[in-house]
Amino acid sequence: MRLSRAFVPTTKETPKDAVLPSHIYLVRGGFISQVASGIYNFLPLGKRVLDKVRAIVKEELDKAGCQEVQLGFVTPCELWQESGRFGKYGKELLRFKDRKENCFVLGPTHEEMMVDLVRGRVTSYKQLPLNLYQINLKFRDEARPRFGLLRGREFVMKDGYSFHADEADMKREYDLMERTYRKIFSRIGLDFRAVEADVGAIGGSASKEFMVLAKSGEDTIAICTECDYAANVEAAKRQKPKAPEPAPEFSNFEPFYTPGLKSIEELSEFFKVDPYYFVKAVAKKAIYDDEEKIVLFFLRGSDELQEIKAQNAVGANELVDVSEEELENAGIVPGFIAPYEQECMIVLDEDLRGAKGLICGGNRKDYHLIGADLSHFDDALFADIAEVKEGDLCPRCGAVIHLTKGIEVGHIFQLGTRYSAAMKATFLDKEGKAKPFVMGTYGIGVSRLVAAAIEQNHDDRGCIWPKAIAPYMVDIIISNIKESEQLEFGEELYEALQKEGVEVVLDDRADRFGPKIKDFELIGYPVGVIVGKGLKEGKVQLVDRKTLEKKDVAKEEALQEILEMLS
RNA sequence: CGGGGUGUGGCGCAGCCUGGUUAGCGUGCUACCUUGGGGUGGUAGAGGUCGCGGGUUCAAAUCCCGCCACUCCGACCA
């Protein structure tokens, strides 16, 4: 491609509202442009990167025996009503009617469509297993799109669905998909972790997320510093924390006057006791399909409530904050809540099981109880609801856990029969009995990967594309096109590289050197070739975008050297 | 969904509080000259329904009301 002819509108200025590097550089580099909130156009360079990611995903999936299909983007409401998700999915589902008043939605995910496609067509265990996928647009009317391609409303996703005769075969496929996903993200050149995850609203028995490690990630993940344990904090476990010394000693179980002291910090200071020995209460309102109720969660003062775990522990659809007024109306004393004598539902953290010698709220304003003993509480009340924190101990090997941030780019689920049963998608097994398919579902955020790659690979000058997905591999900069010698050699090298099958751009614009090298750095081609004043001595300069190192090479050797840099 | 902010040539902004000539600056764009290894300098140009609708007024980018869009913080996020 000749840059003099290319549609690559780069800008010197940072777009007004972009905060993250990937957003800034993708817009400034002329890869994407915004159309509306959470909706982007892909320009020629962005489209090339997207297609490369797409091609890698496709290649590895096909190798793993998956088959690509393409489902309609516009899907009939009836399918959503059938699965029961039409109402539950809520406002994220963009609904509209056609001229005949038929109701449709833009697909945010395609479980329903895929089950509908397969049911009635795959009817025997002999046709299983089957793994179908598509790489297609998705639309979710997010309440708050942000960060450019990282959280758009319209995005490109690979979504795959597998169908099996039994659980064991589904697990086999799940493991195969994990290995396949690892290959995909490794090929793209990303530093990522496969982490244990919460299954969330999609359901199923197990799931793993693939996280690209980046400071700007919206997810927090817990990683063991010794073994390969890694989990999203929403699902992370830990070994029982060690009790700090010295443990406080209380001769009696009795109220203690603590005027105005509510926070664990203040109390710890007041009693000179480590927060570990306090019982803290977190009140939430649990929302169910047909009711809502106040739940009190109790943890050690040194821990924080993990809301997803807490939500799962009480089987609620959602947990929301509860006001002090609501608490008082329920006969609860905010700031001084004890696990004793509560009328509402209570849940205690696993780590409090059998704990004694604690300080907790007094169920009375300005009083706490010292010498509390929880060893008589019913086992049923305990659940793992604490958030794993920096320095906690790995549940597998006991080494120290480290927290880091990640961008979720893939998620695989052992789904089971949730959708197949609801939508009556069955096959006949060996005994001739009808059974619902056992399913798995697997997703990759293809357009999000484009942004994630930049979040992880950039410097203060622009993008540094991994070679596997760079829009072009080489940028030949002709320093001054008025110098016919430079122009000629540039053209010659351009042709030679194309003959070698290298994707190359020729910067033959009538600009000066400055803007050209700035664009090279901004766009982030892996290799730059500067054809400039060195040519008089028979030399050109090769630039490694990643290190920004330049080296002079004889012009006759340039081709060979470039090929080596790319290998 | 709750709370804030913004909307003015392609892009980034000023002007608005205190209404009043031709709406200004930077950048980008066009032409010519200049320069030619890190966004060169100059001259001359093109380019704006001041988000939309209504109101107040002799007069509205500016004041008032309504709407829309975008955005930030939070909630939410298969």
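FYI, side chains are in, hydrogens and waters are out, and symmetry mates aren't considered; it's all heavy atoms of this structure. Note on naming: letters A, B, ... go to the chains in the order of the sequence lines (proteins, then strands), and numbering restarts at 1 for each one.
In summary, the side chains of Tyr161(A) and Asp159(A) do present a donor paired with an acceptor at a separation below 3.5 Å, with no hydrogens or angles considered.
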| remark: RNA chain B in dot-bracket form (Watson-Crick or G-U pairs under 3.5 Å, [ ] crossing, | inter-strand) is (((((((..((((......[...)))).(((((.......))))).....(((((..]....))))))))))))....
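Side chain Glu521(A) to base rG38(B): a donor-acceptor pair is found below 3.5 Å. The base of rG37(B) sits with one of its N or O atoms less than 3.5 Å from a complementary donor or acceptor on the side chain of Gln541(A).
OP1 or OP2 of rU71(B) has at least one side-chain nitrogen or oxygen of Ser37(A) nearer than 4.0 Å. Remark: Gln486(A) is not in phosphate contact with rG37(B), judged by side-chain N or O atoms under 4.0 Å from OP1 or OP2. Arg144(A) has a side-chain polar atom (N or O) that falls below the 4.0 Å cut-off from OP1 or OP2 of rC73(B).
Comparing rC67(B) with rG10(B), their C1' atoms are spaced 27 Å from each other, to the whole Å. Rounded to a whole angstrom, the distance from the C1' atom of rG51(B) to that of rU6(B) is 11 Å.
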| query | Using a cut-off of 4.0 Å between protein heavy atoms and nucleotide atoms, how would you tag nucleotides 3-10 of chain B 5' to 3' with B, S and -? | reply | --------
| request: Could you encode protein contacts along nucleotides 42-49 of chain B as a string, one character per nucleotide from 5' to 3', using B for base contact, S for sugar-phosphate-only contact and - for no contact, with a heavy-atom cut-off of under 4.0 Å? | output: --------
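Nearer the 5' end of RNA chain B, as judged by each residue's closest nucleotide, is the contact made by Ile481(A), out of Ile308(A) and Ile481(A). Each of Glu483(A) and Arg28(A) has a nearest nucleotide on RNA chain B; the 5'-most of these lies closest to Glu483(A).
Contact detail for Ser420(A) and Gly416(A): the closest heavy-atom pair is OG-O, 4.3 Å.
Legend: residues meeting disulfide bond (SG atoms under 2.5 Å apart) with Cys77(A), ordered by chain and number and at least two apart, are Cys103(A).
The side chain of Ala143(A) sits closest to rA75(B) out of rG37(B), rG26(B), rA75(B). With distances taken from any side-chain atom of Glu142(A) to the nucleotides rC70(B), rG12(B), rC77(B), the minimum falls on rC77(B). Listed candidates were rC72(B), rG28(B), rG37(B). Nearest to the side chain of Lys12(A) is rG28(B).
Across residues 509-516 of chain A, Asp511(A), Arg512(A), Phe513(A), Gly514(A), Pro515(A) each have a non-hydrogen atom less than 4.0 Å from an atom of RNA chain B (numbered order).
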Show me, pair by pair, the donor-acceptor contacts under 3.5 angstrom made by side chains of residues 517-529 of chain A, not counting sequence neighbours?
unit_1	atom_1	unit_2	atom_2	d
Asp519(A)	OD1	Thr10(A)	OG1	3.1
Asp519(A)	OD2	Thr10(A)	OG1	3.3
Asp519(A)	OD2	Arg509(A)	NH1	3.1
Asp519(A)	OD2	Arg509(A)	NH2	3.1
Glu521(A)	OE2	Arg461(A)	NH1	3.1

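Rounded to whole Å, the distance from CD on Gln311(A) to P on rA75(B) is 14 Å.
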